[in-house]
Structures are given as structure tokens and as C-alpha cells.
Amino acid sequence: MKKLETYQNFYFVGIGGIGMSALARYFYASGKKVWGYDKTNTKLTQNLMNEGIDIVFEDLIDERITSLHKEDTLVIYTPAIKTLGILDYFNQNQFEVLKRAKVLGLITENTDCIAVAGTHGKTTTSTLVAHLCKEADLPFSCFLGGISENFKSNFLYNGSTYSVVEADEYDRSFLNLSPDWAVVTSTDADHLDIYGDKSHIEEGFRQFAALVPEDKKLFVRKGIEIGRGHQTYAVNEPADYYSDNLRMDHDKIYFDFHTPTETVKDFVWEIPGIHNVENATVALAILHNLGADFDTLKKAIANFKGIKRRYTKHFYQNGKIYIDDYAHHPTETNAVISSIRTFYPDKKLLVVFQPHLFSRTRDFADGFAESLSQADELILLDIYPARELQENFEGVTSSWLLEKVHLENKEVSALSAAFEKIKEKDFDILLTVGAGNIDTLYDPICEWLNSVQSTM
């Protein structure tokens with residue numbers, strides 16, 4: 001295929017995806033014409049349109065599409081979209097059509113690429129690495145799987161020497177990358193519709209790790225067998241890089257950071273959870289190896305604001321707390337709910353959870369049930385299907401999952417009815433959690449809780 005810079009038009013099929021939108025922003029920032037289709041108009045697509053990107057939400061071959069020429073147009077699609085008339089048109093008319101992962105891989109070929117992989121933790125870790133790069137004023141671009149609260153975006157251009165990318169294991173996409181540095185945060189079973197079983201997903205991560213040229217530039221959480229030389233990182237146990245002496249004071253977490261040759265005391269930030277200190281540990285390890293000084297890194301850690309929908313927390317004068325999180329795997333839901341229980345053991349917790357994918361719900365039903373049983377009350381939303389069809393997963397429903405949850409106060413609800421149900425509940429802490437369109441509840445909940453507070 002031709003070099004990316006020779007194309008003037010970039011058409012994105014599924015532009016509203018978090019990874020696709022970062023690429024769209026990259027090409028738009030590069031002065032290219034960017035167009036796209038998505039099934040649903042969301043906050044993210046609205047932001048893209050506000051930035052100047054043209055998006056349609058109907059599968060129609062209109063003049064905007066027929067006016068494009070294959071000689072100067074690259075079509076980029078996500079494998080989550082299986083059938084679409086627009087995509088058929090481009091294929092039938094012999095346009096260059098590439099997966100998102102392939103295009104991201106081509107971009108990373110020309111940079112010193114820092115790729116962060118893992119079934120959990122990759123979004124926080126890659127966003128934190130990008131934030132530290134920005135604070136250290138390194139020349140980099142980042143392509144993230146979440147919206148950075150510091151950047152207010154999932155993309156930032158600060159130069160082209162380095163690229164920071166979230167390496168997605170779905171559909172083995174991360175094998176298209178050219179990582180010079182890499183992190184593997186976790187290799188738990190997930191995406192079994194692609195991999196089949198845990199052994200095959202572990203093999204996928206070993207193949208990803210094999211792409212890194214140098215052992216010293218591969219960082220793997222201690223305890224993961226990756227099949228080649230690497231550096232380890234951990235929390236509360238010795239490793240090549242590790243953090244310990246964790247303590248909390250007025251909603252701030254303090255920790256000490258150890259390299260192979262020195263100890264740096266009293267890093268401090270406001271991001272809760274031991275797993276997040278673990279993510280910080282490997283981010284610090286990489287930036288230390290890139291030559292960033294610890295004074296800069298301490299300041300950067302302290303002003304890291306986190307990621308939208310990653311334990312986003314609001315406090316209200318009436319004492320209520322609202323937390324919103326993207327967790328969609330039992331390991332993640334357990335981490336979020338356990339963290340709430342640790343910090344607020346006596347608070348009444350209402351959880352509103354939206355399962356993501358019929359296949360994931362089926363494969364991990366017992367794990368979801370166990371984590372959700374830690375709530376005081378549960379509203380379980382209908383399963384968000386994404387790319388899947390209910391007819392292919394007979395009997396896999398939210399009602400079926402609810403039966404496995406050991407709670408007295410529990411119910412299934414459609415998303416459209418959930419907000420009214422929430423307003424009727426008695427709770428100290430409200431947690432909305434899931435990776436589908438549950439985020440549409442966020443603004444109404446915040447507005448409601450603010451209005452309740454203002455009338456007190």
C-alpha cells in the first residue's frame with residue numbers, strides 16, 4: 001500500500017469508538033480531511049463534530065461518499081462492525097480498506113513506540129505514561145483508550161519522536177504494532193469469543209511481548225509468565241521496580257518507589273486503589289528509563305487527574321457519593337466494589353451494572369455474580385450487545401445473571417427506566433458501572449444529585 005502521508009481523505013467506519021476516534025483526531029490534526037460513520041450519536045461523536053469532523057449516522061451511500069476517489073482516500077474500519085453497506089461500497093470499488101490496528105501499527109513504525117497491553121489496567125497505565133511524557137516535555141503523540149482528565153481527550157500531539165499507544169488484545173490487534181517499549185499489566189481470560197480459552201490469550205500476549213526488541217524495554221507485572229527476558233514491577237513485594245509503604249491521608253495516597261539502585265520516598269496522588277499504584281509504578285519505571293528526573297515525576301504524579309469513567313468520583317454536601325466506572329470484567333468490577341467497601345465500609349452501596357456482551361456475560365457469569373453480591377442493592381441493566389446478537393446466545397440474559405447474585409434487594413431494569421428507579425432508592429454511595437451506553441445516565445444523575453443538594 002501507499003504511505004499514509006500520500007492520502008488526503010480518511011474515512012472511518014465506526015468513528016465513535018474510543019480507539020478509532022483517537023486516530024481520526026490524529027489525521028485531522030495532521031491537516032487531512034476526515035469523515036466517518038457511526039451507528040449511534042454519543043458524547044464522543046458530538047465532540048468530534050464540534051472539532052470539525054463530518055460524521056453520518058445512517059448507512060447510506062450519499063454524495064459525500066461517491067465524491068471520494070480511491071487514489072487519495074484511505075478507509076479505516078473497526079472489526080466490531082461486521083456488515084455495513086458503506087463498507088461494502090468501499091470494498092467493491094477497490095478503495096484501500098484497513099483495520100484500525102493496522103493503521104496504528106503503521107504510525108508506530110516511524111516512532112519510538114511505548115505500547116501498553118493487558119486485559120486490565122492498560123487504559124490507566126497508557127494515559128499515565130502519556131501524562132508523564134507531557135509533564136517531562138518529551139516529543140510524543142498518544143492514542144488512548146479513555147478520555148484523559150488532564151488532556152480532555154484520548155489523543156494529544158506534542159511531537160513525533162515517541163508514540164504512546166494502548167495495545168488492544170481484541171482480535172489480536174496488538175500484533176500489528178511495532179513496540180520499542182512495552183508493558184504487560186495482566187493476562188486474565190477475556191475475549192474468549194476470539195481466543196477460545198485462557199491458554200490462547202496468554203499465548204497472544206507472549207506473541208506481543210516477542211515484538212519488543214530489547215529485554216530491558218519490556219516491563220511485565222511480577223508473576224506473569226511471558227516467555228522471554230523482561231523487567232518486573234510490583235506493589236508491596238520486591239521486583240526490578242516496585243512501590244511499597246502505601247498509606248492514606250485525607251483522600252491522598254502516599255507511596256515509596258524503588259528502582260534497582262535507589263529509593264524515592266513520598267510520591268503522592270489522589271487515584272485510589274492498590275492496582276492503580278501498580279499502574280503508576282510501571283509508568284514511573286518507563287519514564288525513569290527515558291531520563292525523566294524524579295522531581296518532575298513527583299509533580300506529574302501529584303497533578304494526574306485520572307481518566308473519565310475510571311473511578312470518577314463526586315461528593316455532595318448531603319453526604320452522598322457518586323462513582324462512575326468503566327469496569328466490564330469480573331476482575332475489574334471486583335476491584336472497584338472492593339475498593340469502595342475498603343474506604344467506606346459502613347456506607348449503603350447501590351450498584352447499577354450494565355453487562356457488556358452476551359459472550360462475556362456467559363463466560364464470566366459466576367465472577368460477575370460474586371463481585372456484584374458485595375453491594376447492598378443492585379439494579380442490573382439489560383446486556384449491552386455491541387457486536388453480538390441475542391439469538392446467538394439463547395438464555396444468556398440479565399435475568400439469568402441476576403439469579404446467581406446473592407442479594408435480597410436486586411432487580412433487572414431497562415436502561416430507559418433506570419434513572420427513575422435510582423431516584424427512588426435509599427443509598428449513601430451510588431456506583432454506575434459498565435462499558436456500554438450506561439454512560440448516558442451520568443449527566444442526569446449528576447444534575448439530579450446537584451439539584452437535590454441545592455434544595456437542602
Side-chain angles (χ1 to χ4, degrees), residues 12 14-26 44 76 78-80 99-109 111-134 140-158 162-188 190-191 194 201 204-205 207-209 211-212 217-221 271 275-276 278-280 282-283 286-287 304 306-310 325-329 332 356 435:
F12 286 79
I15 195 169
I18 193 72
M20 291 282 278
S21 60
L23 271 184
R25 282 169 160 151
Y26 168 79
L44 187 47
I76 304 168
T78 169
K99 287 183 180 180
R100 178 195 69 88
K102 177 65 176 177
V103 177
L104 184 57
L106 292 171
I107 293 172
T108 63
E109 283 181 0
T111 64
D112 203 358
C113 175
I114 305 167
V116 181
T119 46
H120 320 296
K122 60 181 175 287
T123 300
T124 300
T125 305
S126 56
T127 304
L128 182 53
V129 169
H131 172 70
L132 298 183
C133 285
K134 177 69 166 58
F140 80 103
S141 299
C142 63
F143 302 84
L144 308 173
I147 304 298
S148 162
E149 292 282 14
N150 291 86
F151 307 153
K152 304 302 181 186
S153 179
N154 56 345
F155 168 75
L156 184 71
Y157 182 83
N158 196 55
Y162 299 96
S163 61
V164 179
V165 303
E166 180 169 327
D168 187 4
E169 73 276 6
Y170 176 71
D171 202 33
R172 296 180 172 84
S173 293
F174 56 3
L175 300 184
N176 290 280
L177 300 175
S178 299
D180 300 281
W181 303 74
V183 176
V184 177
T185 64
S186 53
T187 59
D188 292 345
D190 199 1
H191 303 301
I194 299 295
I201 196 167
F205 279 99
Q207 292 171 353
F208 167 75
L211 299 174
V212 182
K217 294 184 177 182
L218 173 63
F219 296 80
V220 181
R221 184 173 59 81
I271 310 300
H275 61 291
N276 279 319
E278 196 172 70
N279 297 332
V282 70
I286 290 174
L287 268 292
F304 180 61
I307 305 140
K308 285 188 183 296
R309 302 217 63 230
R310 298 317 194 271
D325 197 89
Y326 189 75
H328 54 284
H329 184 282
E332 297 166 347
H356 185 265

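Only this structure's heavy atoms are used, side chains among them; waters, hydrogens and symmetry mates stay out.
For the pair Cys133/Asn158, no side-chain contact is recorded, criterion being any heavy-atom separation below 4.5 Å from C-beta on. The shortest side-chain heavy-atom distance between Met20 and Ile76 falls under the 4.5 Å cut-off. Residues Thr124 and Ile307 have side chains in contact (heavy-atom distance under 4.5 Å, counting atoms from C-beta outward). Here the side chains of Asn154 and Ser21 are in contact, with some heavy-atom distance below 4.5 Å. Using a 4.5 Å cut-off on side-chain heavy atoms (C-beta onward), Val129 and Leu287 make contact. Thr125 places none of its side-chain heavy atoms less than 4.5 Å from the side chain of Leu128. Between Glu166 and Val116, every side-chain heavy-atom pair lies at or beyond the 4.5 Å cut-off.
Under the rule for a salt bridge (Lys or Arg N to Asp or Glu O under 4.0 Å), Glu109 has no partner lying at least two apart in sequence or in another chain. When the ring pair (Phe, Tyr, Trp, His ring centres under 6.0 Å) test is applied to His356, the partners found at least two apart in sequence or on another chain are His328, Tyr384.
Going from atom CG of Leu156 over to atom CZ of Arg25 covers 11.0 Å, rounded to the nearest 0.5 Å. Expressed to the nearest 0.5 Å, how far CZ of Arg221 lies from CD of Glu278 amounts to 5.0 Å. A distance of 10.5 Å separates OG of Ser126 from CD1 of Ile114, quoted to the nearest 0.5 Å. The OG1 atom of Thr127 sits 6.0 Å away from atom CZ of Phe304, with the distance rounded to the nearest 0.5 Å. Considering CD of Glu332 and NE2 of His275, their distance stands at 9.0 Å, rounded to 0.5 Å. In this structure, the separation between OG1 on Thr78 and CD1 on Ile15 is 12.0 Å, given to the nearest 0.5 Å.
A ring pair (Phe, Tyr, Trp, His ring centres under 6.0 Å) with Phe143 is found for one member of Tyr26, Phe151, Tyr157 and no other, namely Tyr26.
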(request) Mind running side-chain contact (heavy atoms from CB on, under 4.5 Å) on Leu23 and Arg100 for me, showing each step along the way? (result) CA-CA 8 Å; Leu23 271 184; Arg100 178 195 69 88; 3.4 Å; yes
(request) Check step by step if side-chain contact (heavy atoms from CB on, under 4.5 Å) holds for Phe140 and Lys134. (result) CA-CA 8 Å; Phe140 80 103; Lys134 177 69 166 58; 3.9 Å; yes
Could you go through residues 174-182 and list every donor-acceptor pair under 3.5 Å that involves a side-chain atom there, pairing it with any protein atom two or more places apart or in another chain?
unit_1 : atom_1 : unit_2 : atom_2 : d
Asn176 : ND2    : Ser173 : O      : 3.1
Asp180 : OD2    : Cys113 : N      : 2.7

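Across Leu44 and Gly17, no two heavy atoms sit closer than the pair CD2-O, 4.2 Å. Residue Phe205 comes nearest to Ser186 through the heavy atom pair CZ-O, 3.8 Å, listed as atom of the first residue, atom of the second, then distance. Minimum heavy-atom separation, Phe208 to Ala115: CZ-CB, 3.9 Å.
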